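The first residue in the sequence is number 1, and the count goes up from there. Whatever order the structure lists them in is the order used to number ligands and atoms, beginning at 1. Predicted model only: the values in this text are computed from it and were never measured.
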Amino acid sequence: MPIYEYECQQCGRRFEYFLRSCGDEKKVKCSKCGAENPKRVVSSFVSKSSDSSCGTHSYG
Ligand SMILES: [Zn+2]
């Protein structure tokens, strides 16, 4: 379950977002002010294995 933490670059609010698919990250918005493109914060739990191939594929 990829749950990422984001920090809004506009209002500074931190929030978590559950990504159901790789493309979901494009839809992430601040839960407070609705600003797009929040900065992803590295959360405390990081998998030891290398990153899954997320990002290069585009769906539709
Ligand atoms: Zn915000």
Side-chain angles (χ1 to χ4, degrees):
M1 280 189 291
I3 299 178
Y4 294 111
E5 189 173 356
Y6 293 89
E7 183 178 304
C8 177
Q9 301 188 73
Q10 186 156 303
C11 72
R13 180 181 179 86
R14 284 196 176 196
F15 57 96
E16 292 176 343
Y17 193 89
F18 171 63
L19 293 183
R20 299 179 64 183
S21 70
C22 295
D24 264 7
E25 187 165 25
K26 296 175 185 173
K27 307 176 194 168
V28 180
K29 291 183 180 178
C30 174
S31 58
K32 184 180 178 183
C33 72
E36 296 180 344
N37 301 317
K39 182 171 61 179
R40 191 199 288 179
V41 180
V42 178
S43 60
S44 52
F45 86 96
V46 180
S47 79
K48 292 177 182 175
S49 60
S50 58
D51 259 2
S52 56
S53 59
C54 200
T56 50
H57 295 287
S58 61
Y59 298 90

Evaluate the side-chain proximity of L19 to Y4: yes if any heavy-atom separation is below 4.5 Å, no if none is.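 Y4 vs L19: side chains touch.
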Determine the minimum heavy-atom distance between F15 and S31, stating which atoms define it.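 The answer is CB-OG, 3.8 Å.
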Residue and atom names of protein N/O/S atoms that fall under 2.8 Å from the Zn ion (ligand 1): C8 SG, C11 SG, C30 SG, C33 SG
Indicate yes or no: does R40 engage E7 in a salt bridge with an N to O separation below 4.0 Å.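 Answer for the salt bridge query: no.
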With [X], which residues qualify under side-chain hydrogen bond (donor to acceptor under 3.5 Å, both in side chains), at least two apart?
{"X": "N37", "result": "none"}
{"X": "K27", "result": "D24"}
{"X": "Y17", "result": "none"}

